[in-house]
Number of protein chains: 2
Amino acid sequence: MTTDRAAVTSLEEPSPDATRDAIADGIDRGALVTVFGRCTVDYEGRASSRLGAGDRLILCKPDGATLVHTDEGQQPVNWQPPGCEQEVYCDGGDVVLESARSTPEERLLVRFRDVLQVSAFAGSDETELTLSGTEADLRQRILDEPSLLEPEFRPLATERDTSAGAVDIYGEDAAGRAVVVELKRRRVGPDAVSQLRRYVDALAGDLHADVAVRGILVAPSVTDRADRLLSEHGLEFVSLEPTPETGCDD
Amino acid sequence: MTTDRAAVTSLEEPSPDATRDAIADGIDRGALVTVFGRCTVDYEGRASSRLGAGDRLILCKPDGATLVHTDEGQQPVNWQPPGCEQEVYCDGGDVVLESARSTPEERLLVRFRDVLQVSAFAGSDETELTLSGTEADLRQRILDEPSLLEPEFRPLATERDTSAGAVDIYGEDAAGRAVVVELKRRRVGPDAVSQLRRYVDALAGDLHADVAVRGILVAPSVTDRADRLLSEHGLEFVSLEPTPETGCDD
DNA sequence: AAATGTATATCGGAC
DNA sequence: GTCCGATGTACATTT
């Protein structure tokens with residue numbers, strides 16, 4: 001998408017040769033190429049998969065990503081990540097699209113029996129997404145107002161390194177005890193509790209054998225099983241959302 | 001995609017009214033609709049995001065999913081999951097596509113300044129993907145040949161329930177000790193060790209306070225930190241892949 | 001390139 | 001519906 005003015009080239013029910021050329025040209029020009037048609041899909045790599053004939057929409061992006069979408073689901077039924085090399089050729093009456101990479105070695109093969117439309121889109125997209133309501137927002141909320149966690153909490157570091165990995169927020173409580181804070185932007189299950197536990201254990205070991213380390217999980221809410229795990233391991237929970245709740249007085 | 005014969009309807013540089021009608025008709029007919037054009041995107045729900053003007057490809061699936069794809073990345077820059085309600089209308093010279101759902105309440109708003117192509121694809125896709133190299137394959141491998149885990153291992157149950165959740169494989173070793181097996185299809189980090197530890201602790205508690213329970217992690221390999229965690233907690237590791245390695249004598 | 005943790009993760013299964 | 005764990009998770013970040 002490097003041209004100033006967006007442009008589309010599109011063919012309907014093209015011949016195999018025309019399809020191959022249109023896909024190859026689109027890729028060469030750095031366009032986003034779509035193909036709709038009846039195809040089979042084979043994948044071999046981290047796992048392996050086979051998909052029989054059906055009508056699907058294929059996207060080939062200029063960064064080397066390929067997506068095979070059916071009429072259902074948010075996720076592609078098959079794909080190849082950015083950075084892959086594409087190859088397109090005719091085989092018998094079929095058009096074959098191959099996408100491959102190494103590290104890890106993997107290969108996607110889409111074989112089209114019939115192509116109903118092939119399009120190439122060239123445009124420009126300079127804009128970046130701005131996103132809020134993330135874990136980073138939750139961290140900033142606490143750093144801005146540490147009393148949200150508890151009175152007299154003092155943050156000392158973010159991403160503090162321990163032998164078990166980096167702790168989201170490290171600080172001290174009113175009594176000067178070490179506090180490990182694990183942040184989650186949404187309701188959490190057992191995983192998050194185990195993660196917090198690893199950090200607390202590691203920090204206790206890193207500091208001294210007999211130093212008490214508190215662990216506080218911060219999230220909007222926890223599941224029952226996570227709550228039980230927190231209790232079993234002497235960990236604490238503070239309910240907090242990434243962004244302040246909108247007031248009721250609007 | 002309910003028609004026997006695949007069909008495409010497509011418009012290039014359509015007017016706003018024609019765009020709105022083409023999108024609405026495609027959705028009504030249960031087609032997979034694509035729109036390429038210059039648009040802004042706003043999302044509000046589990047998080048919130050804003051995306052300025054740029055040329056993008058939008059997919060509207062008959063199951064209610066919406067995807068906004070730029071020319072980069074495997075993932076859509078914005079999306080809405082299956083089950084959403086779509087609405088399309090003109091506002092000034094723009095065409096607006098709204099996609100919303102409740103539980104959780106979230107809303108996606110795509111505002112098109114210019115549309116270069118709108119297409120509706122109707123087809124059929126009865127085929128299911130067959131995938132191999134999954135965790136289920138790894139489990140079956142061990143059930144078929146328990147000695148892959150260790151000599152005289154006896155599987156007793158899969159998905160055995162404990163107070164911490166279901167264990168992948170539960171069995172006994174040669175000495176009659178309880179064994180908890182956690183399976184992973186690929187190289188694992190600290191998460192998997194914590195998960196295994198939760199199950200071992202829970203099962204030990206569920207059975208009796210003084211019963212020894214072995215925990216074995218089965219995966220192709222482990223990271224250094226995970227290996228250290230395994231040692232610290234007296235857990236074991238067996239290297240095994242979901243599918244047998246291809247021999248060297250081919 | 002490998003490791004680690006987040007995600008508007010998505011998805012499927014169990015309850 | 002919620003909960004829980006798998007995923008060819010993808011992705012950014014750091015080492």
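Just so it is clear, the values below take in all heavy atoms, side chains as well, and ignore hydrogens, waters and symmetry mates. Lettering of chains follows the sequences in order, A, B, ..., and the numbering in each one begins at 1.
Neither OP1 nor OP2 of C:dT6 sits under 4.0 Å from any side-chain N or O of A:Arg139. For the pair A:Gln75 and C:dT10, the criterion of a side-chain N or O lying under 4.0 Å from OP1 or OP2 is not met. Contact check, B:Arg187 against C:dA3: a side-chain N or O comes under 4.0 Å of OP1 or OP2. An OP1 or OP2 oxygen of D:dT9 is reached within less than 4.0 angstrom by a side-chain nitrogen or oxygen of B:Arg185.
The base of C:dT8 sits within donor-acceptor range of the side chain of B:Asn78, with an N or O pair under 3.5 Å. At a cut-off of 3.5 angstrom, counting only N and O atoms as typed in the model, there is a donor on one side and an acceptor on the other between the side-chain of A:Gln80 and the base of D:dG8.
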Practice task
Show your reasoning for whether salt bridge (Lys or Arg N to Asp or Glu O under 4.0 Å) applies to B:Arg111 and B:Asp91.
Solution key: CA-CA 9 Å; B:Arg111 174 176 292 266; B:Asp91 178 40; 2.9 Å; yes
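C:dC11 and D:dC11 have their P atoms separated by 15 Å, given to the nearest Å. Here the separation of D:dT14 from C:dT8, taken at their C1' atoms, is 25 Å to the nearest Å.
Within the 4.0 angstrom heavy-atom criterion, no nucleotide atom of any strand lies near A:Ala65. Heavy atoms of A:Thr103 sit under 4.0 angstrom from primed sugar atoms or phosphate atoms, though from no base atom. Note on B:Glu182: only backbone sugar-phosphate atoms sit closer than 4.0 angstrom, heavy atoms only; bases stay farther off. Among the protein residues, B:Gly133 comes within range of no part of the nucleic acid, since none of its heavy atoms lies under 4.0 Å from any strand.
B:Gly45 and B:Glu106 make their closest contact through CA-CB, 3.5 Å (heavy atoms, listed as atom of the first residue, atom of the second, distance).
Side chain of A:Asp137 to main chain of A:Gly133: a donor-acceptor pair is present (N/O by atom type, distance under 3.5 Å, no hydrogens or angles).
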